[in-house]
Amino acid sequence: MDFIKLEKYLQKIRQPEFRLEQIKKADFQELRDNWDEITALPKELRVKLKNHFPRWQSVHPAKLQISKDKLTFKALLKLKDHQAIETVLMRYRSWFTVCVSTQVGCPLGCKFCASGFCGFIRNLTSEEIVDQVAFWERTLQKGELKKFGPQNIKKRAVKKIVFMGMGEPFLNWKNVWKAMEILKDKNGLKMGERNMSISTIGFPEKIKEFAKLDSQINLAISLHSANENLRQKIMPATKKYSLKSLMESVKNYARKTRRKVFFEYLLLHNLTDRKEDAQKLAKLFTGKEKYLFHLNLIPFNPSGCNFRPSTSEHIKEFTKALKKLGLKFTLRKTFGQDIQAACGQLKIANSE
Ligand code: SAH
């Protein structure tokens with residue numbers, strides 16, 4: 001629901017301020033999904049609101065897929081203009097992480113990522129971003145995933161949100177930030193900043209602005225290569241700035257916030273996984289702030305392009321070299337490859 005429009009409407013029909021809070025609570029905390037269920041509101045008002053805001057959700061599920069290990073769930077969501085996006089739910093013991101999309105398609109055109117293969121359609125509204133989280137929380141609370149494993153769902157099951165689905169969050173920053181504000185709302189989903197992460201290919205100017213916000217939201221940079229030429233080839237949108245200016249902006253962020261910075265690093269066979277690639281990384285990670293830098297090594301997920309994943313021998317050698325160079329890293333586990341729900345596999349519409 002567009003709470004800004006709703007607020008204006010409530011003012012127009014001279015409702016007291018607490019009505020908006022009541023509705024937010026009903027939507028995000030009690031997870032109601034229609035006006036009739038909000039019995040705290042006078043009946044007459046409910047009828048008025050129903051006429052003005054007939055659709056409660058801005059996203060509608062069209063397809064749900066579950067991975068074989070039942071740890072990953074992917075939903076195809078239809079939007080009001082009949083566009084579609086994908087969103088992913090990941091299960092970790094008793095809690096869940098939601099991966100949200102920020103755009104329909106993606107303008108970046110990274111050569112290894114399915115999200116950009118069909119181009120860019122439009123930005124998502126903040127409402128559409130928030131509703132992806134609300135959709136999963138509702139689905140869990142209603143027990144609709146029980147038969148696939150998750151039992152005894154806690155009152156607030158979604159604990160973390162990663163802005164790592166389709167799209168580039170910094171190219172839709174106004175709406176992404178507004179969505180974060182709504183997700184944090186104490187009358188809403190009450191999400192903590194520390195439990196939210198954004199991932200970006202790293203526009204230095206945007207990172208500078210982000211540092212000024214002094215927030216606790218985690219920052220991840222899709223680095224993928226410390227070789228400038230290769231990086232520009234596989235991620236054409238990075239031609240607009242240099243690796244040097246990217247690292248300066250990241251160091252400035254780390255200095256200001258004292259927060260860890262995560263660098264996502266794709267393991268591509270014979271392209272990014274050699275000893276010399278580790279050495280290039282070590283040259284990039286210099287300066288006082290480097291103790292805050294953490295590499296997340298991501299296995300390449302097939303996305304319909306010609307890249308090959310690193311072999312286990314290469315990964316072993318590469319991680320050995322990183323250790324020797326004193327770089328901190330985590331080898332990430334891939335979630336939901338069998339249902340194309342892993343990093344870089346989300347796309348505009350499911351063609352099956
Ligand atoms: N546009 C943002 C948000 C997308 S996050 C960004 O680039 O950071 C999705 C992450 O998955 C990014 O780090 C992206 O580079 C990575 N990714 C893309 N394609 C992938 C693939 N085929 N295998 C593994 N990771 C991939």
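Counting starts at 1 for both ligands and their atoms, following the listed order.
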Task: Partners meeting side-chain contact (heavy atoms from CB on, under 4.5 Å) with K316 (sequence neighbours left out) - done: none

- [ ] Measure the distances from the heavy atoms of Q345 to every atom of ligand 1 and state whether one is below 4.0 angstrom.
- [x] no

Task: Nitrogen or oxygen atoms of P169 and ligand 1 under 3.5 Å apart - done: no

Task: K160 to W136, cation-pi by 6.0 Å centre distance and 45° axis angle - done: no

TODO: Classify the contact between L108 and ligand 1 as side chain, backbone, both or neither, using a heavy-atom distance cut-off of under 4.0 Å.
DONE: side chain

Task: Short N or O distance, G167 and ligand 1, threshold 3.5 Å exclusive - done: yes

Task: Numbered atoms of ligand 1 (with element) below 4.0 Å of P299, judged on heavy atoms - done: 24 (C)

Open item on the list: Please state which option from C106, G344, G304 has its nearest heavy atom closest to atom 17 (N) of ligand 1.
Closed with: G344

TODO: Give the atoms of ligand 1, by number and element, whose distance to some non-hydrogen atom of S222 is under 4.0 Å.
DONE: 6 (C), 7 (O), 8 (O), 12 (C), 13 (O), 15 (O)

Open item on the list: So is G165 touching ligand 1 or not, going by heavy atoms under 4.0 Å?
Closed with: yes

TODO: For the pair F53 and Y9, name the ring-plane relationship: parallel under 30°, tilted 30 to 60°, perpendicular over 60°.
DONE: perpendicular

- [ ] List in chain and number order the residues that pass side chain to side chain donor-acceptor pair (under 3.5 Å) with E248, two or more places apart in sequence or in another chain; answer none if no residue qualifies.
- [x] none

TODO: Please lay out, stage by stage, how F112 and H224 fare under the test ring-ring contact (aromatic ring centres under 6.0 Å, His included).
DONE: CA-CA 11 Å; F112 44 78; H224 302 327; 5.2 Å; yes

Open item on the list: Test of understanding: given a 4.0 Å heavy-atom threshold, classify the contact between H224 and ligand 1 as side chain, backbone, both, or neither.
Closed with: side chain

Open item on the list: Counting only heavy atoms closer than 4.0 Å, does ligand 1 sit against the backbone of E264, its side chain, both, or neither?
Closed with: side chain

TODO: For S303, take its heavy atoms, then give the atoms of ligand 1 lying under 4.0 Å from any of them.
DONE: 22 (N)

